[in-house]
Amino acid sequence: MMIFERAQGKMNVASLGERKTRFAVLFRNNDRSSTHLMNKLMDVMEPLPQSARRSNTFDRGFEFREWRRLQSGIRTESWFCNPQAPWQKGSVENLNKRARRYLPRDTQLAALSNRYMKTICDRLNGTPRKCLGWRTPTEAFREEIMKLR
């Protein structure tokens, strides 16, 4: 979850990163409530094949307290990092750092369109990565999805 200046109110950007392929999904969240976040998370993850959404790892933020809804709603296991152990979710921290290039802390979130958020994801997912053998996260994700079918 990417938090912005207090002037933005409760708006934030949720970030999901697939660990193996580095595929990123970002979406604007108007509220930090757990109910709202879990509903959006299920909407984003449900189109994926079940084998591609087996588990999530969260930090210990209060916005994840309704994590059990993921198990009952889309059959996704949830795991939590140990307190104050950000290295346990290093790929998401790296994703947030990359996304901050396009979404600095003073960004006016209310002015962001869904199209702009998609453009940011396309840029992040279209950048070749050394850890992927110079493939893009999009290419690696497609290959993984094909293996799972």
Side-chain angles (χ1 to χ4, degrees), residues 1-127 129 136-142 144-146 148-149:
M1 175 111 21
M2 296 172 61
I3 306 299
F4 294 81
E5 289 182 346
R6 189 168 286 193
Q8 302 303 316
K10 295 181 179 184
M11 293 183 93
N12 57 71
V13 172
S15 54
L16 302 173
E18 201 284 322
R19 184 181 53 81
K20 190 172 182 180
T21 65
R22 307 298 198 266
F23 190 80
V25 176
L26 303 174
F27 58 89
R28 189 179 65 200
N29 215 0
N30 295 328
D31 184 330
R32 284 185 70 186
S33 76
S34 188
T35 302
H36 182 76
L37 178 63
M38 290 302 140
N39 287 339
K40 292 275 278 194
L41 198 53
M42 285 191 282
D43 289 345
V44 168
M45 293 180 66
E46 195 165 27
L48 297 173
Q50 178 60 39
S51 53
R53 56 180 157 97
R54 283 185 286 205
S55 68
N56 280 316
T57 302
F58 300 121
D59 60 21
R60 296 194 170 255
F62 67 88
E63 58 273 7
F64 304 116
R65 71 176 164 242
E66 292 188 24
W67 58 271
R68 287 180 183 88
R69 292 182 62 215
L70 294 176
Q71 177 64 37
S72 62
I74 58 173
R75 298 186 328 264
T76 298
E77 292 284 327
S78 296
W79 303 91
F80 289 87
C81 296
N82 292 330
Q84 294 164 14
W87 59 87
Q88 292 178 346
K89 57 185 182 83
S91 59
V92 170
E93 294 296 335
N94 185 280
L95 166 61
N96 289 347
K97 180 181 174 184
R98 289 173 181 271
R100 284 286 182 197
R101 294 176 189 160
Y102 308 103
L103 299 167
R105 290 192 182 278
D106 62 349
T107 301
Q108 300 294 317
L109 292 177
L112 293 181
S113 66
N114 289 338
R115 178 178 284 169
Y116 183 68
M117 293 298 291
K118 183 173 179 347
T119 300
I120 294 170
C121 288
D122 290 345
R123 285 183 185 169
L124 294 170
N125 293 326
T127 303
R129 305 273 182 92
T136 67
T138 300
E139 293 167 341
F141 189 73
R142 283 186 185 140
E144 284 300 313
I145 292 295
M146 291 308 209
L148 295 173
R149 290 183 183 217

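Defined by atom type and a distance below 3.5 Å, a donor-acceptor pair is missing between the side-chain atoms of Arg100 and Asn96. Side-chain contact annotation: Asn30 with His36, donor-acceptor N/O pair under 3.5 Å absent.
With salt bridges taken as basic N to acidic carboxylate O contacts below 4.0 Å, one links Glu93 and Lys89.
Residues satisfying the ring pair (Phe, Tyr, Trp, His ring centres under 6.0 Å) criterion with Tyr116, sequence neighbours excluded, are absent altogether. Residues passing the salt bridge (Lys or Arg N to Asp or Glu O under 4.0 Å) test with Lys20, sequence neighbours excluded: Glu144. Thr136 pairs by the side-chain contact (heavy atoms from CB on, under 4.5 Å) definition with Pro128, Thr138, Glu139, not counting sequence neighbours. Residues forming a ring pair (Phe, Tyr, Trp, His ring centres under 6.0 Å) with Phe141 (at least two apart in sequence, or on another chain): Phe23.
Between Val13 and Thr107, the closest side-chain pair of non-hydrogen atoms is not below 4.5 Å. Residues Phe27 and Leu37 are in side-chain contact: their nearest non-hydrogen atoms beyond the backbone lie under 4.5 Å apart. The side-chain heavy atoms of Thr21 and Pro137, taken from C-beta on, include no pair separated by under 4.5 Å.
Contacts classified as salt bridge (charged side-chain N to carboxylate O under 4.0 Å, His left out) and involving residues 101-118 (residues at least two apart or in different chains) are given here: Lys118-Asp122. A salt bridge (charged side-chain N to carboxylate O under 4.0 Å, His left out) check over residues 61-81, counting only residues at least two apart or in different chains, returns the pairs Arg32-Glu63, Glu66-Arg69.
Residue Gln88 qualifies as enclosed at atom CD: its count of foreign heavy atoms under 6.0 Å is above 12.
Here CH2 of Trp79 is found 12.0 Å from CG of Asn56. Values are rounded to the nearest 0.5 Å.
In this structure a side-chain-to-backbone donor-acceptor pair under 3.5 Å is missing from Arg28 to Met117. Distance alone, capped at 3.5 Å, is enough to place a donor-acceptor pair between the Asn125 side chain and the Ala24 backbone.
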